[in-house]
Amino acid sequence: MNLKYDKFSKSSILGFAKKLEGKSLEEVCDKEVLVHNYAGKGNFGQVLEKFYFLYEPNSDAKADFEEAGLELKSSPLKRLKNNHYRAKERLVLNIINYEEVVHQTFETSALWKKNAHLLLVFYLHEKEKNILEYRIKFVDEWSFPALDLEIIKQDWQTIQNKILQGKAHELSEGDTFYLGAVTKGSKGGNPRRQPYAKELAKQRAYSLKQGYVNHIIASISNEPSLYGKLIPRLEHEQKLSIEAVVLSKFSYFYEKSIEEILESFSLQMNQKSKNFYANLTKAILGIALNKEIEEFEKANIVVKTVRLKANNLPKEDISFPVFSYEAIVDENWEDSQIKETIEQKFFFVFFQFEGQQLILKKVKFWNMPYLDIQEVQKVWKQTQSLVKNGNIVKLIKKDRQGKERRYTNFPSKKFNHVAHIRPHARNAKDTFPLPVQDKVTQAKEYTKHCFWLNNSYVRESIYEEKSV
DNA sequence: GCATGATCATGC
DNA sequence: GCATGATCATGC
């Protein structure tokens, strides 16, 4: 077949690819061929390879354009209300071969061999359209900047280490910063052998985290940078990790009160303001208050501030976004909202009350261990079952003012030591519809609830737990 | 003093 | 108006 590009030439391939910008697949592919060969099957990437670049989709270890050293990746965008584009999801790369990765170095790894240079095609995903109609927005090549590559190497080694330790089945996306190990295959199926343990492990692929893909998009679409860098440049031969840099900046202020920290920056901030702790974190890290912390955004790190009482118990439990009753009954655990949420990497900032003052005690990068994730699964499962059966309300009591209080069957702190379900709403009338009417109250809607991390769990498993 | 239900406050 | 982080209130 005659190709319209020179497969030995990077610039020729890129030039041909650039013609996609502003177009949809049905506009750029040969209509006759599409009509006869495209049966509505295959995803965007497969159609792009087959009907535009005219080669058969493969799962080779080699890059798609082997001779030019380019790997083609397409990925969906979503449009925000302010018309900016963001990644709709993470960018999935090749499958992790547990048996082989333990014999590789980063430089000889299957990941690096295939994905060192990417040819990226970003298209706007719109619900009502099919894949032939999606509008292609950005096309460009991508090579990893040296600073990012350093973090990605460390991530790759983190993943390899876990497999070397016989813990492939305990891999989680929260283990790493930019390069994740995402489950691949429906319902986390297709379990695979690992070399150093008998437990089967879910099939996983390397992926670039959604935040990292956002950074790529901002970079190739020439958006003004919203980011401030934590690690501005590589220091000679020093291999700096995000963790080490952040810990060194914070530890300088350990045992200092919030007032003392603010004084040292000559900063006046409203402590009641919603973003006070976010701003304090930026100040300590040396990031301008109007910028986002680049490394945190790229790694999808969630910052949580916790205030401890004298006995180290957090004053409050930690909440997550509310869930929809209608959505949770249809979820599989593997693609549930709460699993996605708790598998992220967190950055905890711990303060402790000393009288009226809050003292900075320590900070910690953390992601939930495998066994605890399984505990959250129990809470999720119980919740799903209660909603499915219309079994939410246990009883209704009147308090001294004669006001009704409803007690639910939702999993409480006693049910599970990791997480529980509690209301999270404007007030009791702030509700979501129920897929099944409640048996006791006949209600068709119920106060919004969410998952909470037990404060006792935060004390024992995050604050007091020694870092490994 | 804790567990659980309920609500507030801020920022977009 | 809503999402999110934070906090209050009641009863045991």
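Remember, predicted model here, so these are calculated numbers, not experimental data. The chains referred to below are lettered A, B, ... by the order of the sequence lines, with proteins before strands, and numbering in each begins at 1.
One can place CG of A:N275 at 17 Å from P of B:dA9, the figure rounded to the nearest angstrom. Atom CG of A:N455 and atom C1' of C:dG5 are 16 Å apart (whole Å). Put simply, NZ on A:K429 is 12 Å from C1' on B:dT7, counting in whole angstrom units. For the pair A:H417 NE2 and B:dC2 P, the computed distance is 18 Å after rounding to whole Å. Distance A:F353 CZ to C:dA6 C1': 11 Å, rounded to the nearest Å. When rounded to the nearest whole Å, the span between CZ of A:R422 and P of B:dA6 equals 11 Å. Remark: C1' of B:dC2 and CZ of A:R459 are 12 Å apart, rounded to the nearest angstrom. Between the NE2 atom of A:H420 and the P atom of B:dG5 there is a distance of 9 Å, rounded to whole Å.
Counting non-hydrogen atoms under 4.0 angstrom, A:T447 reaches nothing in the nucleic acid. A:H424 comes within 4.0 angstrom of a nucleotide base, judged by non-hydrogen atoms across all strands. Across all strands shown, A:K309 has heavy atoms under 4.0 Å from sugar-phosphate atoms exclusively, and none from any base. A:N454 comes within 4.0 angstrom of nothing in the nucleic acid, heavy atoms only. Using a 4.0 Å heavy-atom cutoff across all strands shown, A:F320 reaches no nucleic acid atom at all.
A salt bridge links A:D317 and A:K413; the closest N-O separation between the charged side-chain nitrogens and carboxylate oxygens is under 4.0 Å. We find that A:K298 and A:D148 are joined by a salt bridge, their nearest charged nitrogen and carboxylate oxygen being less than 4.0 Å apart.
With A:F432 as the aromatic partner, A:K448 meets the cation-pi criteria of under 6.0 angstrom to the ring centre and within 45 degrees of the ring axis. For the pair A:K362 and A:Y463, the cation sits on the ring face: its NZ or CZ lies under 6.0 Å from the ring centre, inside 45° of the axis. Figure legend: cation-pi geometry between A:K345 and A:F177, with NZ or CZ positioned under 6.0 Å from the six-membered ring centre and within 45° of its axis.
For A:E316, whose side chain is taken as the heavy atoms from C-beta onward, the closest listed nucleotide among B:dA6, C:dC8, B:dA3 is C:dC8. Distances from the side chain of A:S319 to the nucleotides C:dG5, B:dT4, C:dA3 place C:dG5 closest. Of the candidates B:dG11, B:dC2, B:dT4, B:dC2 carries the atom nearest the A:N311 side chain, counting heavy atoms from C-beta on. Of the candidates B:dT4, C:dA6, C:dT7, the closest approach to any side-chain atom of A:S412 belongs to B:dT4. Nearest to the side-chain atoms of A:N427 among the listed nucleotides B:dT4, C:dT7, B:dT7 stands B:dT7. For A:K413, the side-chain atoms get nearest to B:dA3 when compared with the rest of C:dA6, B:dA3, C:dT4. Which of C:dC8, B:dA6, B:dC2 sits closest to the side chain of A:L313 comes down to B:dC2.
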>> If you apply the rule salt bridge (charged side-chain N to carboxylate O under 4.0 Å, His left out), what do you find for A:K78 with A:E89, and how did you get there?
In response: CA-CA 9 Å; A:K78 59 184 178 188; A:E89 49 203 52; over 6 Å; no
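The shortest distance between the side-chain N/O atoms of A:R426 and the OP1/OP2 oxygens of B:dA9 is not below 4.0 Å. For A:K448 and C:dA3, the shortest distance from a side-chain N or O to OP1 or OP2 is below 4.0 Å. Taking side-chain N and O atoms only, A:K397 has a distance below 4.0 Å to OP1 or OP2 of C:dC12.
Each of A:R405 and A:V302 lies near DNA chain C, and the nucleotide nearest A:V302 is the one positioned closer to the 5' end.
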